[in-house]
Each structure stands twice: as C-alpha cells, then as structure tokens.
Amino acid sequence: QKVHLHPKSMYRIKFFGEEESVFDRHCYGHAVFARQEEAENIRERLRWWAEACDSLQGFQCVVDAATGFGGLAADVLTVIRDEFPRVGVVTFGHSSVHDNSRVSFFTEAYSLAELSEHTSVYVPMSSRTWSSQTFPHMPYLSTTTRYRH
C-alpha cells in the first residue's frame with residue numbers, strides 16, 4: 001500500500017555539491033539555509049503548515065544529527081523559536097552507525113550543541129548496537145542476563 005503525502009510535506013534540498021560529495025558536515029546544512037531562496041521556501045512551508053493547525057501546541061522534529069541535516073535543522077529551529085516563541089519543541093536527534101570518523105563525531109557534537117539550544121527537549125537516539133562489554137556496569141544490556149519480576 002502506498003502512502004500519499006501532501007505535496008508541501010516533501011521538499012528537495014538543492015545541495016551545492018550534490019554531484020561530487022555527500023551531505024556529511026554540519027556546516028553544509030548552514031550553507032543550504034544561508035541561501036535566501038532555500039530559507040524562504042522552508043519558512044513559507046513552515047508557516048503554511050502552522051496556519052493549517054486549529055491550535056498549534058508544538059513541534060516534533062526528527063533529525064539526522066550526524067549529517068548536514070543537523071545544521072539545517074538548527075537553522076529551522078531558530079526560525080520556529082522566532083516565529084512561535086510560546087510553543088514547545090521536541091527534537092529527536094538520530095545518529096547512525098555508518099561512519100565513526102572524526103568528521104561524523106564533530107558533526108554530531110555541533111548538532112547536539114546547536115539543536116539543544118533551540119529546543120524544549122532534546123532526545124538523542126542511536127541505531128548503534130551496545131553490548132555489556134562496552135558498558136560493563138550496565139548488566140541489563142547483556143543478552144544473557146534475564147530479570148524476573
């Protein structure tokens with residue numbers, strides 16, 4: 001079964017290095033939002049969705065914090081805070097397992113710092129697999145440990 005989304009719920013970002021590189025750095029997201037045309041299109045869509053609400057109570061944002069989308073989301077959250085200062089914002093920052101490089105680490109760190117500054121609640125999420133060897137003081141992460149109620 002196919003999910004039908006409203007045309008304004010999808011927006012293709014035109015990345016300046018689309019053909020030769022990946023969108024893997026926090027600063028790339030800021031560079032996208034720095035272009036006036038992109039920023040205005042994003043603001044316009046945000047206002048359109050907000051005006052469609054009967055009673056806007058808040059925003060929920062899911063962000064890939066380990067890529068350039070962290071920087072872009074930080075700029076979008078700044079707009080949300082400026083235009084809707086009284087609504088709550090919950091941000092779920094996801095980090096993936098693909099890349100354990102320094103670039104990914106610093107991108108994630110910058111995203112965490114900026115996103116948590118502009119959100120009411122920041123919830124970090126990860127698809128990394130943790131084991132009891134990684135955290136020996138947390139036995140509940142071990143697959144062999146069973147607790148009885």
Side-chain angles (χ1 to χ4, degrees), residues 1-135 137-138 140-141 143:
Q1 186 174 358
K2 205 174 198 181
V3 176
H4 297 282
L5 299 173
H6 192 279
K8 287 203 180 242
S9 65
M10 303 279 291
Y11 181 69
R12 181 177 167 93
I13 297 168
K14 295 163 194 79
F15 176 53
F16 59 87
E18 205 166 349
E19 58 281 340
E20 71 269 351
S21 66
V22 293
F23 197 60
D24 64 344
R25 298 175 193 257
H26 186 81
C27 60
Y28 292 169
H30 287 301
V32 167
F33 201 80
R35 292 193 310 247
Q36 193 62 32
E37 180 186 342
E38 295 289 332
E40 256 331 290
N41 285 334
I42 292 169
R43 279 189 183 99
E44 178 186 318
R45 285 170 187 259
L46 185 61
R47 283 189 206 109
W48 188 87
W49 281 108
E51 289 171 3
C53 295
D54 291 334
S55 175
L56 181 64
Q57 296 178 7
F59 292 89
Q60 293 180 19
C61 305
V62 180
V63 179
D64 184 358
T67 65
F69 289 106
L72 180 60
D75 289 335
V76 171
L77 286 178
T78 303
V79 171
I80 289 172
R81 281 294 184 204
D82 290 345
E83 296 202 16
F84 310 98
R86 294 197 174 130
V87 300
V89 179
V90 178
T91 304
F92 299 92
H94 182 265
S95 60
S96 55
V97 295
H98 313 255
D99 191 9
N100 287 328
S101 69
R102 285 187 195 157
V103 170
S104 178
F105 174 77
F106 284 113
T107 296
E108 225 173 304
Y110 283 128
S111 293
L112 172 65
E114 284 195 36
L115 293 171
S116 61
E117 185 179 324
H118 300 293
T119 189
S120 306
V121 178
Y122 182 82
V123 182
M125 300 186 318
S126 177
S127 55
R128 292 184 176 101
T129 304
W130 304 104
S131 69
S132 60
Q133 285 78 24
T134 308
F135 300 104
H137 59 284
M138 297 178 158
Y140 58 86
L141 291 175
T143 56

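Numbers here are sequence positions counted from 1.
A distance of 10.0 Å separates CD of Glu51 from CG of Leu46, quoted to the nearest 0.5 Å. Atom CG of residue Asp64 and atom NE2 of residue His94 lie 7.0 Å apart, to the nearest 0.5 angstrom. Within the model, atoms CG of Leu72 and SG of Cys27 stand 12.5 Å from one another, a figure rounded to the nearest 0.5 Å. Interatomic distance, CH2 of Trp48 versus CZ of Arg45, reported as 9.5 Å (0.5 Å rounding). Put simply, SG on Cys61 and CG on Leu115 are 8.5 Å apart, with the number rounded to the nearest 0.5 Å. Taking CD1 of Ile42 as the reference point, atom CD of Glu37 lies at 10.5 Å (rounded to 0.5 Å).
Looking only at side-chain heavy atoms (C-beta outward), Arg81 and Leu77 stay at 4.5 Å or farther from each other. The shortest side-chain heavy-atom distance between Val62 and Thr91 does not fall under the 4.5 Å cut-off. Using a 4.5 Å heavy-atom threshold, the side chains of Val79 and Val76 count as separate. Using a 4.5 Å cut-off on side-chain heavy atoms (C-beta onward), Val87 and Gln57 make no contact. Contact of the Glu114 side chain with the His30 side chain is registered, since non-hydrogen atoms from C-beta on lie closer than 4.5 Å.
Taking the six-membered ring where the residue is Trp, the centroids of Phe59 and Phe84 are separated by under 6.0 Å.
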- Task: Mind running side-chain contact (heavy atoms from CB on, under 4.5 Å) on Lys8 and Glu44 for me, showing each step along the way?
- Result: CA-CA 10 Å; Lys8 287 203 180 242; Glu44 178 186 318; 3.9 Å; yes
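Counting all heavy atoms, side chain and backbone alike, Ala74 lies closest to His118 at O-CD2, 4.0 Å. Nearest heavy atom pair, residue Ala39 against residue Phe33, reads CB-O, 3.3 Å. Considering all non-hydrogen atoms of both residues, Ser111 and Gly71 come closest at OG-N, 4.3 Å. Closest non-hydrogen pair, Leu112 versus Ser116, comes out as O-OG, 2.7 Å. Contact between Tyr11 and Glu38 at its shortest, heavy atoms only, is OH-OE1, 2.8 Å. The minimum heavy-atom distance linking Leu56 with Ala50 is given by the pair CD2-CB, 4.1 Å.
Heavy-atom neighbours of Glu83 CD from other residues, nucleotides or ligands within 6.0 Å: above the threshold of 12.
Arg43 and Glu40 are joined by a salt bridge, as a carboxylate oxygen and a charged side-chain nitrogen come within less than 4.0 angstrom of each other.
Taking the six-membered ring for Trp and thresholds of 30 and 60 degrees, Tyr110 and Phe106 have ring planes inclined between 30 and 60 degrees apart.
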